[in-house]
Number of protein chains: 2
Amino acid sequence: MTSIHDVARAAGVSISTVSYALSGKRRITETTRRKVEDAVRELGYRPHAGARMLAGSQTFILAVTEPLRSYTYAPAHMAFVLAVAGAARRHDYDVLLLTQEEATAGLRRVTSSRLVDGIVVLDVTTDDDRVALVRTLDVPSVVVGVPADTDGLVCVDLDFEAAARLVVDRLADAGHRVVGLLGHPHAVYVQGSNFPPRVRDAFLARAQERGLEARFVMPERDTASARAAVTELLGPDGDCTGLVMHCEESVQTTALDLLRERGLAVPGDVSVVSVASTFDTAALPVPLDVVPLVPERSCDRAVELVMAQLAGGVEPVVELLEPTYVAHGSVGPPP
Amino acid sequence: MTSIHDVARAAGVSISTVSYALSGKRRITETTRRKVEDAVRELGYRPHAGARMLAGSQTFILAVTEPLRSYTYAPAHMAFVLAVAGAARRHDYDVLLLTQEEATAGLRRVTSSRLVDGIVVLDVTTDDDRVALVRTLDVPSVVVGVPADTDGLVCVDLDFEAAARLVVDRLADAGHRVVGLLGHPHAVYVQGSNFPPRVRDAFLARAQERGLEARFVMPERDTASARAAVTELLGPDGDCTGLVMHCEESVQTTALDLLRERGLAVPGDVSVVSVASTFDTAALPVPLDVVPLVPERSCDRAVELVMAQLAGGVEPVVELLEPTYVAHGSVGPPP
DNA sequence: CTGAAAGCGCTTACAG
DNA sequence: CTGAAAGCGCTTACAG
């Protein structure tokens, strides 16, 4: 293995000059810097990670904790993990993946052994052990999502409440009087992620504010349950003309299939909007209006906030990212 | 931060004794060991990761590379990543996640900086850059899957060929004369993972050996495409009575929905088997016989083989794990 | 069975 | 603007 001494020798400088040339932490003559860089390139030098950790007390590793619960929607969660990894790399950081079975123990282990410089907590539940732990850990940490108690935390998340309001408003403005929310499975609301209840509550509250009748159903993931749920939402006399979907892609597909079978046109007979979806709703059987949840947005910001904590003080804060409404022609006036 | 010196002082021994007591690398008196362990516990001591890497030239970190391509089935791939992480932890290893955008560059970086002790390569394609790189890297590596050129590699994988043969045999033995394979989207076969072609080829070959007529279709992921594909497989006169599914859960669900709509009973009218599925086929609308792909099995073995390489010599080998047929009553004689 | 000490490869005050 | 050197916290021969 080629070490910093080899580089120093090849460049004809001292090892401290090599170190500083590489880190940019002190001013170096242009010519010296070039000599060092040439030597680095020629020798294929790469600093020893462990030595850097020990001497510099920086690891350039972030811990990412994502409990892939059985009832979570894998594609979306995977997208968040990958988005964190991507964002981290842009700051020259690698990502250590901590899984469910080891959530809090793992966080303890990697922080107290100084393996990581910071933590990104993904998919927090309302009352999350990892959040309680992170609060005590004194390691730069960012929570993606909003737990019940945000005291002392740095949180980033899409403003799900605003997202829900956006779609309700759009439907109300178009003239719909009865709107229905097709939600996630029941288990998700009970023990799951923090955001489905936030969407539900804001949806119901805004509908009331706008004087709309609102319905809410929580289908399981199977086709039959999804179909029954949509049927229930539409109502026996089909008075519900505005459908909001906050559920998995397959359930949204099933819902659209059912509408088609029933001869209900979108948006001619029923207007449909997807909220907080991570997939491309334009690729559904009917391209759907959407207030998207963009993992990259939340995760880029989360990593930025870890870096900011590393660099200096960041006050505890709950940052809610403003949602955007993307139209694809699936909302119109009621028939 | 409490260091090994603090522990040594508290236990009244030298730091080398602490180190050896913890690593078990040399014989220690029972009483001494206990004194050390007590001190460790009281002080909450955790060895500094960087110092261990530097002094011991072991990092206790494994790199996992998983290119989540857009056309891959996220739940299955996530399951593999998690299975590797779980297996690694059981050997006291952590897992560093390397993503698509950085696949080969990332492997180079983490190995040449001595950040990882070994590599697990997930979801290899037939002709995979990462495999070519890993071969030259001289770091313990295991490939999950079978690339075209396995020379010099340690590969582990389900024996997909045997799995395909198992289901064909089961259908042939039950008396079916025409069988159809519902495959993955076309893109997967062209540029994707290595195993779909293996299933396809073995399926077709075994069908021929058994004197069966065999069909093969590659639906996209949407409902319409899936329905069309099943219709095509069954044939205009419904002569195909044995359906094999090697595709995503949603497509399998759609297929079963279609059969039900057509009034075709399983297995009364059509026998159906799922092959190499990572989800629970017993939870489908009709519980399906399956030759499961169990991520934990492949990944446990993959991690074991990395550990074996770390411990000493392991010859290059392609280990194919024997498939198991799990019956759920979805195969019977043809009508 | 245990200890004193070298050394792993860096970073960063400390000097000049 | 650059260098010599201390020191980060371990592991592991080397002694006894």
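Numbers restart at 1 for each chain; the letters A, B, ... are given by sequence-line order, proteins then strands.
- Residue-level contact check: B/S3 touches the backbone only, with heavy atoms under 4.0 Å from sugar-phosphate atoms and none from bases.
- No donor-acceptor pair closer than 3.5 Å links the side chain of A/T29 to the backbone N or O of A/T31.
- Nucleic acid contact for A/T29: sugar-phosphate only, since backbone atoms but no base atoms lie under 4.0 Å from a heavy atom of the residue.
- Checking A/D151, A/D129, A/D149 one by one against A/R135, the salt bridge (charged side-chain N to carboxylate O under 4.0 Å, His left out) holds for a single residue, A/D149.
- Among D/dT12, C/dT2, D/dC10, the nucleotide with an atom closest to any side-chain atom of B/R52 is D/dC10.
- With hydrogens and angles left out, the side-chain atoms of A/S16 and A/S19 include no donor and acceptor closer than 3.5 Å.
- Distance CD (B/Q58) to P (D/dT11): 10 Å, rounded to an integer number of Å.
- Heavy-atom nearest nucleotides on DNA chain C were determined for B/G12 and for A/A51, and the one closer to the 5' end corresponds to B/G12.
- Considering only the side chain of A/M1, C/dC10 comes nearest among D/dC10, C/dC10, C/dT2.
- Closest to the A/L54 side chain, of the nucleotides C/dC10, C/dG9, D/dC10, is C/dG9.
- More than 12 heavy atoms of other residues, nucleotides or ligands sit less than 6.0 Å from atom CZ of A/R297.
- Rounding to whole angstrom units, CD1 of residue A/I15 and P of C/dG9 are separated by 11 Å.
- Rounded to an integer number of Å, the gap from B/Y20 OH to C/dA5 C1' is 12 Å.
- Between B/F60 and B/Y93, the ring planes lie tilted relative to each other; the angle falls in the 30° to 60° range.
- Backbone-only contact: B/T32 has heavy atoms under 4.0 Å from sugar-phosphate atoms and none from a base.
- Distances from the side chain of B/H48 to the nucleotides D/dG3, C/dT11, D/dC10 place D/dC10 closest.
- Evaluation of atom-type donor-acceptor distances gives no pair under 3.5 Å for the side chain of B/S16 against the base of C/dA5.
- Within 4.0 Å of B/I28, counting heavy atoms only, lie sugar-phosphate atoms of the nucleic acid but no base atom.
- Comparing C/dA13, D/dT11, C/dC10 against the side chain of A/R26 picks out C/dA13 as the nearest.
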